[in-house]
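For clarity, every value in this text was computed on a predicted model and none was experimentally measured. The sequence lines fix the lettering, A, B, ..., with proteins before strands; numbering per chain opens at 1.
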Amino acid sequence: MLDIQLLRNDLEGVAGRLAARPFHLDGMEFQVLEQERKLVQTRTQELQSARNSLAKRIGQAKGKGEDVAALMSEAGEANAELQSVEAKLLQIQAKLQDFLLLLPNLPHASVPPGRSPEDNAEVRRIGEPRRFDFQVRDHVDVGEALGMFDFATATKISGARFSLMTGQLARLHRALAQFMLEVHTREHGYTEVYAPYLVNAASMRGTGQLPKFEEDLFAVPRGEEGKLYLIPTAEVPVTNIVRDEIVPLELLPLKFVCHTPCFRSEAGSYGKDTRGMIRQHQFDKVELVQMIQPEKSYDCLEQLTGHAETILQRLGLPYRVVVLCAGDMGFAAAKTYDIEVWLPGQNAYREISSCSNFEAFQARRMQARFRNEKGKPELLHTLNGSALAVGRTLVAILENYQNADGSVSVPAALQPHMDGLERIARAS
RNA sequence: GGAAAGGUGGCUGAGUGGUCGAAAGCGCCGGACUCGAAAUCCGGUGUACGGUUCUCCGUACCGUGGGUUCGAAUCCCACCCUUUCCGCCA
């Protein structure tokens with residue numbers, strides 16, 4: 001959510017910066033709502049003030065045993081207008097809130113303009129893609145040849161966009177998550193978190209999934225009106241740790257790492273990445289989340305991105321880092337780096353991590369604050385990034401570490417997590 | 001799922017429907033005392049929004065949402081949550 005003060009003071013400027021996404025800000029709608037709000041709110045408060053002092057006088061008069069009939073009728077009359085004007089105010093404020101909740105974040109000044117992924121700018125490229133002296137296979141062929149990937153059975157059990165792994169492949173998947181958690185907790189100073197996979201609407205609103213992106217979520221009905229949502233990323237439960245909290249300054253930065261499954265309906269991506277486990281309804285991810293003072297958040301974004309890159313470096317996977325252009329960024333982000341891993345089977349770099357600074361956008365929705373040097377509550381900045389998407393990392397390993405005989409080498413960094421296993425081969 | 005108790009400011013904890021945004025204590029901040037500290041004493045100490053604009057003023061907020069009333073932390077209804085006991089359960 002954007003600061004409503006900013007809209008009041010510089011509507012043109014905000015509209016200009018949002019146009020880069022591109023997003024059309026309806027300035028007229030806002031101004032009309034604001035004008036009305038001001039009028040109605042002022043009147044409401046006047047009437048409330050009058051009611052309060054009148055009620056007070058009635059109380060005092062009664063205390064002295066005086067006649068209060070005249071005062072009572074006066075109060076009764078004023079109440080009629082108050083009631084209607086209060087209802088009107090609630091209605092306008094709700095409209096204003098809806099308006100604000102649907103505005104995306106402002107892109108940071110360092111974000112390149114542009115509308116499509118082609119406008120993203122490569123920041124750095126690390127590692128040399130390996131040369132193969134045999135015909136490379138994609139992860140599906142590699143995994144199925146090993147007899148450890150079974151998409152057909154996954155489809156039988158659940159439907160499209162689910163996967164089933166068995167044996168050493170399932171173990172590799174587990175080892176990856178384990179390895180990532182250990183690097184981040186031991187070397188990068190993150191606190192491990194176990195968090196709920198089902199969250200309420202307030203949490204989804206806090207991080208920005210709601211109200212605009214409900215169709216991307218899986219919902220579980222519960223009770224009469226209520227429902228819970230399956231998390232699309234650990235970002236949601238973990239960031240909401242600080243919702244409605246005022247964090248003491250000395251606790252900052254808060255750094256959390258959390259491994260969860262993620263659930264996404266992938267509505268609107270029909271026909272996209274239908275093969276293999278690139279785009280699934282359910283996938284595992286290790287997520288980094290930080291909460292920090294505003295003046296430090298961009299340094300933190302660089303660090304956090306570096307933490308994600310560490311995993312790829314340790315695994316010996318070639319990758320590049322791109323800064324997303326304004327048009328390719330998510331709704332809540334002010335700046336995002338995508339990390340793309342090299343996939344020989346696709347002969348392309350594919351997203352494996354997305355690291356973003358949300359500035360105060362989420363914090364304002366969540367009322368997530370810290371107590372600054374002056375002792376005043378101030379909105380936090382929130383950041384997060386995948387480090388990494390476990391399923392896609394597994395894909396990258398299958399493709400980059402495949403051997404001519406159909407086996408897959410286990411990256412050295414993972415071997416300690418797999419009882420020293422060096423190669424995954426078909427069981428004979 | 002059943003029964004009971006309870007949700008008040010950073011914490012503990014009062015609060016006959018009427019100067020209650022809320023006693024008191026603790027904590028915290030400032031000051032006095034002190035060479036310094038402790039103890040003691042004095043003063044201050046919630047959040048959000050709006051108006052004004054840097055000084056104030058107003059409004060709202062006592063789990064959430066409704067209701068009764070001139071007036072609700074206080075009464076009524078619904079819901080949520082917590083604790084304890086029982087049942088069930090990994």
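Taking every heavy atom of residues 28-40 of chain A and every atom of RNA chain B, pairs under 4.0 Å involve A:R37, A:K38, by number.
Mapping A:S49 and A:Q83 onto RNA chain B via the closest heavy atom, the residue that lands nearer the 5' end is A:S49. Nearest-nucleotide assignment on RNA chain B puts the 5′-proximal partner with A:K62, out of A:K62 and A:L90.
Ion pairing of A:R279 with A:E266 is present here, as a side-chain N (NZ or NE/NH1/NH2) and a carboxylate O approach within less than 4.0 Å. Classification of A:R161 and A:D273 as a salt-bridged pair fails, no side-chain N sitting under 4.0 Å from a carboxylate O. A salt bridge links A:E187 and A:R314; the closest N-O separation between the charged side-chain nitrogens and carboxylate oxygens is under 4.0 Å. Between A:R350 and A:E399 there is no salt bridge, since no side-chain nitrogen of the basic residue lies less than 4.0 Å from a carboxylate oxygen of the acidic one.
Where RNA chain B pairs in unbroken runs of 3 or more (Watson-Crick or G-U, both distances under 3.5 Å), the stems are B:1-7 with B:80-86, B:10-12 with B:24-26, B:27-32 with B:40-45, B:46-51 with B:56-61, B:63-67 with B:75-79.
Heavy atoms of A:A75 sit under 4.0 angstrom from primed sugar atoms or phosphate atoms, though from no base atom. As judged by a 4.0 angstrom heavy-atom cut-off over every strand, A:Q93 is placed among residues making no nucleic acid contact. A:L54 comes within 4.0 angstrom of no nucleic acid atom, judged by non-hydrogen atoms across all strands. Backbone-only contact: A:Q5 has heavy atoms under 4.0 Å from sugar-phosphate atoms and none from a base. As judged by a 4.0 angstrom heavy-atom cut-off over every strand, A:R43 is placed among residues making no nucleic acid contact. Counting non-hydrogen atoms under 4.0 angstrom, A:R51 reaches the backbone sugars and phosphates but no base.
Atoms NZ (A:K56) and P (B:rC20) sit 8 Å apart, rounded to a whole Å. One atom, CG of A:L89, and another, C1' of B:rU59, lie 10 Å apart when rounded to the nearest Å. Between the CD1 atom of A:I246 and the C1' atom of B:rG9 there is a distance of 11 Å, given to the nearest Å. With rounding to whole Å, A:R371 atom CZ is found 14 Å from B:rA48 atom C1'. Counting to the nearest Å, the P atom of B:rG46 and the CD atom of A:Q367 are 17 Å from each other. Remark: P of B:rC80 and CG of A:D244 are 20 Å apart, rounded to the nearest angstrom. The CZ-P distance, from A:R8 to B:rU53, rounds to 16 Å in whole Å. Taking atom CG of residue A:L82 and atom P of nucleotide B:rG71, one finds them 9 Å apart after rounding to whole Å.
Going from the C1' atom of B:rU83 to that of B:rG63 covers 15 Å, rounded to whole Å. Taking the C1' atoms as reference points, B:rU16 lies 16 Å from B:rA22, given to the whole Å. When the C1' atom is compared between B:rC56 and B:rA72, the two are found 29 Å apart, to the nearest whole Å. Comparing B:rC26 with B:rU84, their P atoms sit 30 Å apart, to the nearest whole Å. Rounded to the nearest Å, the gap between the C1' atom of B:rC20 and that of B:rG71 is 13 Å. Of the P atoms belonging to B:rC81 and B:rC42, the separation is 46 Å, rounded to the nearest Å. Across B:rG7 and B:rU12, the matching C1' atoms stand 15 Å from one another, rounded to whole Å. Nucleotides B:rG17 and B:rA3 are separated by 31 Å at their C1' atoms, to the nearest Å.
In this model, the phosphate group of B:rG71 is not approached by any side-chain N or O of A:N52 to a distance below 4.0 Å at OP1 or OP2. Remark: A:R57 is not in phosphate contact with B:rG18, judged by side-chain N or O atoms under 4.0 Å from OP1 or OP2.
The shortest distance between side-chain heavy atoms of A:L317 and A:T393 falls below 4.5 Å. Proximity of A:T42 to A:E46: side-chain heavy atoms (C-beta onward) are separated by under 4.5 Å at one or more points. With a 4.5 Å cut-off on side-chain heavy atoms, A:R37 and A:K95 do not count as touching.
If you check the side chains of A:Q290 and A:Q303, you find no donor sitting under 3.5 Å from an acceptor. A:Q48 and A:E86 share a donor-acceptor pair across their side chains, judged by distance under 3.5 Å alone.
Between B:rU59, B:rU47, B:rC70, one nucleotide has an atom nearer to the side chain of A:Q45 than all others, and that is B:rU59.
The base of B:rU59 is not paired with the side chain of A:Q48 by any donor and acceptor separated by under 3.5 Å. No donor-acceptor contact under 3.5 Å links the side chain of A:Q41 to the base of B:rG50.
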Donor-acceptor list for residues 407-420 of chain A side chains, cut-off 3.5 Å, not counting sequence neighbours:
from	atom 1	to	atom 2	distance (Å)
A:S407	OG	A:N403	ND2	3.0
A:S407	OG	A:D405	OD1	2.7
A:S407	OG	A:R423	NE	3.2
A:S407	OG	A:R423	NH2	2.8
A:S409	OG	A:N403	ND2	3.2
A:Q415	NE2	A:V410	O	2.9
A:D419	OD2	A:R171	NH2	3.0

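Ring pair A:H188/A:H184 is tilted by interplanar angle, where 30° to 60° counts as tilted.
Aromatic ring centres of A:F331 and A:F361: separated by under 6.0 Å.
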